[in-house]
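Throughout, numbering of the chain's residues begins at 1 and tracks the sequence.
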Amino acid sequence: MTEATTHDTVEHGMQPEDTPELRALYKGFEQANLLPLWTQLGDLMPITPKPRALPHVWKWSDLLPLAEKSGELVPVGRGGERRAIGLANPGLGGNAYISPTLWCAIQYLCPGENAPEHRHSQNAFRFVVEGEGVWTVVNGDPVRMSRGDLLLTPGWNFHGHHNVATEPMAWIDGLDIPFSQQMDVGFFEFGSDRVTDNATPNYSQGERLWCHPGLRPLSQLNDTVSSPIGAYRWEFTDRALTEQLLLEDEGQPATVEQGHAAIRYVNPTTGGDVMPTIRCEFHRLRAGTQTPARQEVGSTVFQVFEGKGTVVLGGETRTLEKGDIFVVPSWVSWSLQAETQFDLFRFSDAPIMERLHFMRTQVGGA
């Protein structure tokens, strides 16, 4: 008897006979806030993951106009704090969760606006798909936000934003809000009511200290849980991906797959992920490249940075272009195909899954 058959027999074929005595027993369970495992095994211990979250694509052409309208109607200030619009997975009951562990939102800041300073337990990042002019200030360190940059705000760091440009700016926020909320670990604290510092240096203090390849300051030898780098700049990401593909052309094993270059943003003090609950990566596919189908435990989210292509999500093919965002729930099969050069930012809950030893990956249906 196979594992699946055995499991199915336990779930459906070995239930006790329905009798008045059994109904009375179940009534007693209900009154005592108890539930018997033998009636719920298939839901509690499925053969493979059965996510409630659904694979879904949000089109940037829909998101950006709604964010722009919010900029006209919704103020930024104490109370609401941020003009951020959460992407609600249609399978998660109306919560603004893109997955059971991850939050993704589009945030919009108009010229001259200041989003007030606060801090929270939840880990956060920002990724900029287009625009210039906003600075995020993290623990007093002003950090420029530019196209293609990954900006970090690890948990319990004070941060605010200000737009010094003449145009509005939109970007995506990624946080571990759903995971933190389910685990009941969240704290929040308002910061100073002062207007966020309008200093606009080209590089933040963290970059000046840490962003020198292969070099570590002797004044900072202790490892940190999250990366001390506030901004991972596009110029370096782009160069790293370009060099991988050039080395592939020279016959060197530099790419993850033929025509597929990728990098992971790392904490320079440990070599691990930038934050304890969120992994961030960037992927570049040559035109015509197709990745093998892949299944992974945990949730992953992509945003198209540039180019056109398709994603096959759970057997359904969806077209993608600049700014589009899609989510891959746990153990849902996915693969990418590039029509043009295809650049995508990716974040996931992989650090949680790996640390708890739940991670499992299957490539190509093997």
Side-chain angles (χ1 to χ4, degrees), residues 53-71 84-90 98-99 102-108 125-132 134 145-151 167-174 234-235 237-238 240-242 244-245 255-263 280-294 299-329 332-348:
L54 298 174
H56 192 75
V57 177
W58 288 263
K59 303 297 289 184
W60 190 247
S61 58
D62 296 328
L63 294 174
L64 189 57
L66 292 170
E68 291 170 343
K69 193 64 177 179
S70 298
I85 308 161
L87 279 59
N89 189 294
I98 199 166
S99 85
L102 299 172
W103 162 282
C104 182
I106 178 173
Q107 187 170 164
Y108 193 83
F125 71 80
R126 273 152 282 288
F127 181 75
V128 185
V129 73
E130 60 181 321
E132 297 275 344
V134 170
M145 294 175 61
S146 302
R147 173 170 158 77
D149 293 347
L150 170 67
L151 299 308
E167 298 294 330
M169 184 171 165
W171 62 89
I172 66 164
D173 292 336
W234 170 244
E235 59 185 296
T237 302
D238 182 40
L241 296 165
T242 298
Q244 285 187 28
L245 291 172
T255 54
V256 291
E257 298 154 350
Q258 187 70 29
H260 178 188
I263 59 98
C280 295
E281 299 175 348
F282 201 100
H283 294 251
R284 172 171 292 170
L285 278 64
R286 294 184 192 267
T289 297
Q290 181 170 359
T291 67
R294 175 180 294 266
S299 308
T300 195
V301 179
F302 285 89
Q303 183 177 35
V304 178
F305 181 68
E306 196 64 75
K308 294 182 179 180
T310 60
V311 60
V312 181
L313 273 175
E316 182 179 352
T317 301
R318 299 291 301 271
T319 60
L320 299 169
E321 56 190 1
K322 178 181 174 180
D324 292 350
I325 299 168
F326 66 91
V327 61
V328 185
V332 169
S333 176
W334 64 275
S335 65
L336 297 167
Q337 181 159 9
E339 179 181 336
T340 65
Q341 179 175 294
F342 205 26
D343 284 2
L344 303 101
F345 172 75
R346 177 188 185 186
F347 69 100
S348 73

For Glu306, give me all partners under side chain to side chain donor-acceptor pair (under 3.5 Å), at least two apart in sequence or on another chain. Arg147
Looking at residues at least two apart in the chain, or sitting in another chain, which of them share a side chain to side chain contact (heavy atoms under 4.5 Å, CB included) with Thr255? Gln244, Leu245, Glu248, Ala261
Would you confirm whether Ser299, through its side chain, and Ser99, through its main-chain N or O, come within 3.5 Å as a donor-acceptor pair? no
Using side chain to side chain donor-acceptor pair (under 3.5 Å) as the criterion, list what pairs up with Gln107, not counting sequence neighbours. Asp173
Any luck finding a side-chain donor-acceptor pair between Gln303 and Trp171 under 3.5 Å? no
Pairs satisfying salt bridge (charged side-chain N to carboxylate O under 4.0 Å, His left out), at least one member in residues 338-347, at least two apart: Glu281-Arg346, Arg284-Asp343, Glu296-Arg346
If you define the side chain from C-beta out and look only at heavy atoms, does anything of Val311 sit under 4.5 Å from Val328? no
Can you check whether Cys280 reaches Phe127 side chain to side chain, under 4.5 Å on heavy atoms? no
State which residues pass side chain to side chain donor-acceptor pair (under 3.5 Å) with Arg318; sequence neighbours excluded, sorted by chain then number. none
What about Phe345 and Phe302, are their ring centers closer than 6.0 Å? no
Check: Gln337/Thr310 side-chain N/O donor and acceptor closer than 3.5 Å: no
Under 3.5 Å, side chain of Ser70 to main-chain N/O of Leu66, donor-acceptor pair present? yes
Rounded to the nearest 0.5 Å, what separation is found between the CG atom of Asp149 and the CD atom of Glu132? 7.5 Å
List in chain and number order the residues that pass salt bridge (Lys or Arg N to Asp or Glu O under 4.0 Å) with Lys322, two or more places apart in sequence or in another chain; answer none if no residue qualifies. none
Minimal non-hydrogen separation, Tyr108 against Ala170, with atom names: CD1-CB, 3.8 Å
Closest heavy-atom pair, Pro329 versus Val327, reported as atoms and distance to 0.1 Å, is CD-O, 3.6 Å
Closest heavy-atom pair and its distance - Gly314, Val332: N-CG1, 3.7 Å
Does any part of the side chain of Trp58, heavy atoms only, come nearer than 4.5 Å to the side chain of Ile106, both counted from C-beta? no
Please list, chain by chain and in numerical order, all residues satisfying side chain to side chain contact (heavy atoms under 4.5 Å, CB included) with Leu54, sequence neighbours excluded. Asn89, Pro90
Separation between CG (Leu87) and CZ (Phe326), nearest 0.5 Å, reads 13.0 Å
When you compare the side chain of Leu344 with that of Phe342, does any pair of heavy atoms fall below 4.5 Å? yes
With sequence neighbours excluded, residues passing side chain to side chain contact (heavy atoms under 4.5 Å, CB included) with Ala88: none
Given side chains that start at C-beta, do those of Val128 and Met169 come closer than 4.5 Å, heavy atoms only? yes
With heavy-atom distances below 4.5 Å as the criterion, would you say the side chains of Leu320 and Val57 are in contact? yes
For Trp103, give me all partners under ring-ring contact (aromatic ring centres under 6.0 Å, His included), at least two apart in sequence or on another chain. none
Pairs meeting criterion salt bridge (charged side-chain N to carboxylate O under 4.0 Å, His left out) with involvement of residues 53-68, two or more places apart: Lys59-Asp324
Ser348: which residues meet the side chain to side chain contact (heavy atoms under 4.5 Å, CB included) condition with it, sequence neighbours left out? Arg279, Thr300, Ala350
Separation between CG of Leu241 and OG1 of Thr237, rounded to the nearest 0.5 Å: 6.5 Å
Do Gln341 and Arg286 make a side-chain contact, defined as non-hydrogen atoms from C-beta onward lying under 4.5 Å apart? no
Residues forming a side chain to side chain donor-acceptor pair (under 3.5 Å) with Glu321, sequence neighbours excluded: none
Under 6.0 Å between ring centres, would you say that holds for Phe282 and Trp234? yes
